[in-house]
Amino acid sequence: AIERTLSIIKPDAVAKNVIGKIYQRFEDAGLKIIASKMVHLSEVEAGQFYAVHKERPFFKDLVSFMISGPVMIQVLEGEGAIAKNRDLMGATDPKKAAPGTIRADFAESIDANAVHGSDAPETAAVEVAFFFPGMNVYSR
Ligand code: CMP
């Protein structure tokens, strides 16, 4: 099915100047960038976005990292976009990410891991609506 997924290029990858290289991978995989914006998140926004992780030991570090610099946020659309984007990203921990994936090539650590991508249709809808509330995503 044609899906939409929320993708974030995190502060480490933005600082490395590899937005274009990462966009190229999305496009080469047949994913369309149908919305995008660069944002320097506030602590409140980052905490709300990652609210599901609130009780995890890494939550505080995650929020401080995500507000350490601007991020590039986009909606990707295409056939099986959610799984396709996760394949492109590789494992959360770059040390475990398969060669040739975004995290293997551009990430340094599990915290500074270059990209975020929605993990399921339900979270994708919530995450897209969080950053692009005008996108008319209807769950039915
Ligand atoms: P992301 O896909 O953005 O979702 C939550 C983030 O928390 C994750 O990528 C990692 O960057 C970060 N994180 C730090 N430690 C962990 C951990 N032990 N397990 C999962 N995510 C972690």
Side-chain angles (χ1 to χ4, degrees):
I2 301 288
E3 295 173 338
R4 289 176 178 179
T5 190
L6 195 278
S7 158
I8 303 178
I9 300 179
K10 297 188 181 186
D12 57 321
V14 172
K16 272 189 179 169
N17 208 24
V18 292
I19 294 169
K21 287 183 175 160
I22 293 174
Y23 271 25
Q24 190 70 58
R25 292 179 183 216
F26 296 152
E27 294 184 342
D28 287 347
L31 295 173
K32 293 179 183 175
I33 297 155
I34 61 164
S36 74
K37 59 180 177 183
M38 184 176 275
V39 182
H40 197 143
L41 296 172
S42 69
E43 190 172 353
V44 169
E45 286 171 317
Q48 283 172 346
F49 179 75
Y50 280 121
V52 290
H53 296 304
K54 225 179 180 82
E55 306 306 325
R56 308 284 288 274
F58 57 80
F59 180 75
K60 230 174 152 5
D61 286 346
L62 172 61
V63 169
S64 351
F65 174 66
M66 290 300 289
I67 67 173
S68 66
V71 296
M72 195 74 195
I73 308 173
Q74 43 285 329
V75 179
L76 307 177
E77 185 180 78
E79 186 63 36
I82 296 164
K84 204 173 256 183
N85 182 42
R86 292 183 72 80
D87 287 346
L88 291 174
M89 291 193 298
T92 306
D93 182 350
K95 290 196 288 290
K96 296 175 184 156
T101 59
I102 294 169
R103 283 166 171 158
D105 290 346
F106 301 121
E108 305 303 333
S109 69
I110 195 165
D111 296 299
N113 68 348
V115 279
H116 166 83
S118 310
D119 63 2
E122 300 70 34
T123 46
V126 171
E127 291 181 1
V128 167
F130 183 84
F131 284 121
F132 299 96
M135 286 226 20
N136 300 328
V137 176
Y138 302 105
S139 47
R140 60 203 138 88

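When a ligand or atom number is given, it counts from 1 through the structure's own listing order.
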Regarding K95 and E108, does a basic nitrogen lie under 4.0 Å from an acidic carboxylate oxygen? no
Under 4.5 Å between any side-chain heavy atoms of H116 and T92, yes or no? no
Review item, side-chain donor-acceptor pairs of residues 79-89, under 3.5 Å, at least two apart:
unit_1	atom_1	unit_2	atom_2	d
E79	OE2	A1	N	2.7
K84	NZ	A29	O	3.3
R86	NH1	G117	O	3.1

Provide the full list of ring-ring contact (aromatic ring centres under 6.0 Å, His included) pairs with a residue in residues 17-46, sequence neighbours left out, each pair given once. none
Spacing of CZ belonging to F130 relative to CE belonging to M135, to within rounding of 0.5 Å: 15.5 Å
Cluster membership besides I2, Ile/Leu/Val/Met/Phe/Trp/Tyr side chains within less than 4.5 angstrom, sorted by chain and number, is none
Students should find this: residues with any non-hydrogen atom under 4.0 Å from ligand 1. What is the answer? K10, Y50, H53, F58, L62, T92, R103, I110, D111, N113, H116
